[in-house]
Amino acid sequence: MPKADIGLIGLAVMGQNLVMNMNDHGFTVAVYNRTTSKVDEFLAGPAKGSKVVGTRSIEEFVAALKKPRRVMLMVKAGEVVDQFIAQVVPHLEKGDIVIDGGNSLYTDTQRRVEELGKKGLLFLGSGISGGEEGARHGPSIMPGGAPEAWAAVKPIFQAISAKVEDGTPCCDWVGKGGSGHYVKMVHNGIEYGDIQLICETYHLMRAAGCSNTEMAEIFSAWNRSELLSYLIEITAKILAYKDTDGSHLVDHILDAAGQKGTGKWTSIDALELGMPLTLISEAVYARCLSALKEDRVTAAKVLPGPAPKPLKDRKEFVESLRQALYASKIVSYAQGFMLMREASRQYGWDLNFGAIALMWRGGCIIRSIFLGDIKKAFDRKKDLHNLLLDDFFKKAMTGAQSGWRSALARSLEWGIPAPCMTSALAFYDGYRSDRLPANLLQAQRDYFGAHTYERLDKPRGQFFHTNWTGTGGSVSSTTYNA
Ligand code: 2AM
């Protein structure tokens with residue numbers, strides 16, 4: 001008699017931890033791994049004494065599963081996922097479920113949902129965040145795909161996920177198609193933004209003359225404010241951390257950032273959808289610029305700029321930085337939700353934004369009380385058009401605005417780059433402008449390319465062309481294209 005509630009393929013660290021988490025919650029898990037010795041090592045190691053069922057072939061693995069079979073893949077994203085799908089599918093029956101819990105590109109997930117759907121199989125692409133710790137003790141889980149599969153997976157996923165204070169799981173149904181992996185991708189993009197914002201804050205504090213110890217204390221204090229979050233918490237700990245020789249380890253770390261691509265994917269999709277995801281994109285570029293270490297070392301010797309002036313009274317400056325960080329973070333999340341709103345519309349997903357905020361509230365890298373405030377905003381108004389228009393965030397922006405502007409004035413004056421904070425402010429000022437200079441832009445396009453323009457005094461959708469030079473004629477480019 002098959003006895004496993006779920007099967008998991010891929011016993012790398014995330015896979016192993018998820019299995020143990022499921023086991024702790026009373027589920028029987030069958031496991032398989034390409035290198036089968038890892039199954040034996042797992043059973044003799046972390047899974048010793050558990051109910052985990054080790055299997056050494058795909059046939060044995062599938063045979064161990066109760067129906068409808070639930071097969072979860074925790075393998076390398078890309079072709080490997082397709083290879084395992086091809087291996088298990090011949091052994092599955094209509095109504096069985098395949099879940100990809102890896103970091104897959106959402107378009108791949110979209111395709112897999114369709115392909116398996118044609119065979120009567122239910123495919124889910126589920127974002128999972130929280131690293132190894134999260135996987136073991138409660139990650140944030142973002143499942144999407146074939147809606148018919150959700151009821152069969154929900155009890156397991158909600159049991160093992162992180163919980164917020166009132167016990168609500170940080171796992172809910174995201175939507176159809178590739179939406180689960182999409183939302184995870186945006187989560188990672190937002191993570192890029194949050195990290196870069198903290199780094200810019202650190203850079204400016206350091207330029208103002210703060211020591212690592214002082215900065216550690218400041219971030220600790222901020223972690224008791226509306227900025228309370230996992231990333232602020234670990235920043236305080238990192239800044240306080242001493243190397244074996246008693247010096248601060250952070251000062252010895254090479255300033256060249258790595259990246260795995262999910263931030264870039266988010267920016268690429270924002271460009272595709274025509275959404276101004278400026279902050280996350282700047283965060284991706286900031287990593288790229290940091291990686292040009294040798295160029296920067298050369299340029300630092302030859303390119304002039306102003307010098308920072310250490311401040312005697314840093315208290316006010318530090319408070320302005322806190323406001324700059326908070327306001328920029330609000331803009332970043334507003335942009336992230338704008339992107340998801342547009343993706344939901346264009347890809348037909350019907351995303352539940354309040355549920356997404358709740359899924360990110362705990363368990364994942366961007367977890368914070370701030371996400372609780374976002375959840376409340378969507379509770380107040382389910383179809384909230386933009387976070388910046390919610391009363392709570394409107395008030396927060398009003399309160400933080402002067403500090404934000406003065407902190408950035410210093411950044412410009414001192415020549416300390418703060419690309420994310422600066423782009424956030426430019427976005428904010430652009431978003432609240434009822435008139436931008438695009439009238440001139442449209443005039444230029446019409447001048448050189450007869451691209452036409454609309455008029456303020458005429459209904460939208462009526463297009464005009466002017467013969468600006470008197471020699472170009474009155475034929476517009478749309479006429480040429482027709
Ligand atoms: P392995 O232990 O046999 O290497 C994360 O790397 C997980 O993906 C591991 O379980 C790993 O299996 C699996 N994996 C990576 N590349 C693979 C491949 N080409 N074929 C099968 N499994 C692979």
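Heads up: numbering here begins at 1 and tracks the sequence. A quick note: this is a predicted structure, and the numbers were derived from the prediction, not measured. Indexing begins at 1, ligand by ligand and atom by atom, following the structure's order.
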TODO: Considering the heavy atoms of Gly10, write down every atom of ligand 1 situated less than 4.0 Å from one of them.
DONE: 10 (O)
Open item on the list: Out of Ile9, Val31, Asn33, Val75, who is nearest to atom 9 (C) of ligand 1 when you count heavy atoms only?
Closed with: Asn33
Open item on the list: Under 4.0 Å from a heavy atom of Phe84: which atoms of ligand 1 are those, numbered in the order shown and with their elements?
Closed with: 21 (C), 22 (N)
TODO: For Lys176 and Pro147, work out which heavy atoms get closest and say how close.
DONE: CG-CG, 3.9 Å
- [ ] Record the part of Val80 in heavy-atom contact with ligand 1 below 4.0 Å; permitted values are side chain, backbone, both and neither.
- [x] side chain
Task: Heavy-atom nearest option to atom 20 (N) of ligand 1, drawn from Glu79, Met14, Gln87, Arg34 - done: Arg34
Open item on the list: Below a 4.0 angstrom heavy-atom separation, can you tell me which part of Thr35, side chain or backbone, both or neither, approaches ligand 1?
Closed with: both
- [ ] Using the six-membered ring wherever Trp is involved, compare the ring planes of Tyr347 and Tyr106 and label them parallel, tilted or perpendicular (cut-offs 30° and 60°).
- [x] tilted
Task: Any protein heavy atom nearer than 4.0 Å to atom 3 (O) of ligand 1 - done: yes
Task: Short N-O contact, Glu191 and Lys184, less than 4.0 angstrom - done: no
Task: Within 45° cone of Phe370 ring axis and under 6.0 Å: Lys329 NZ or CZ - done: yes
Task: Proximal ligand 1 atoms for Lys38, defined as those under 4.0 Å from one of its heavy atoms - done: 1 (P), 2 (O), 4 (O)
Open item on the list: Between the side chains of Asp96 and Lys67, is the shortest nitrogen-to-carboxylate-oxygen separation below 4.0 Å, so that they form an ion pair?
Closed with: no
Task: Polar side-chain atom of Gln196 near backbone of Cys420 as donor-acceptor pair, under 3.5 Å - done: no
Open item on the list: With no hydrogens and no angle check, just 3.5 Å: does a side-chain donor-acceptor pair link Tyr326 and Arg322?
Closed with: no
- [ ] Looking only at protein heavy atoms, identify the closest one to atom 5 (C) of ligand 1 and say how far it is in Å.
- [x] Ala12 CB, 3.7 Å
- [ ] Report the distance from atom CE of Met397 to atom CH2 of Trp404, rounding to the nearest 0.5 Å.
- [x] 4.0 Å
Task: Per-atom contacts of ligand 1 with Lys76, taking only distances under 4.0 Å to non-hydrogen atoms - done: 8 (O), 15 (C)
- [ ] For Leu11, take its heavy atoms, then give the atoms of ligand 1 lying under 4.0 Å from any of them.
- [x] 10 (O)
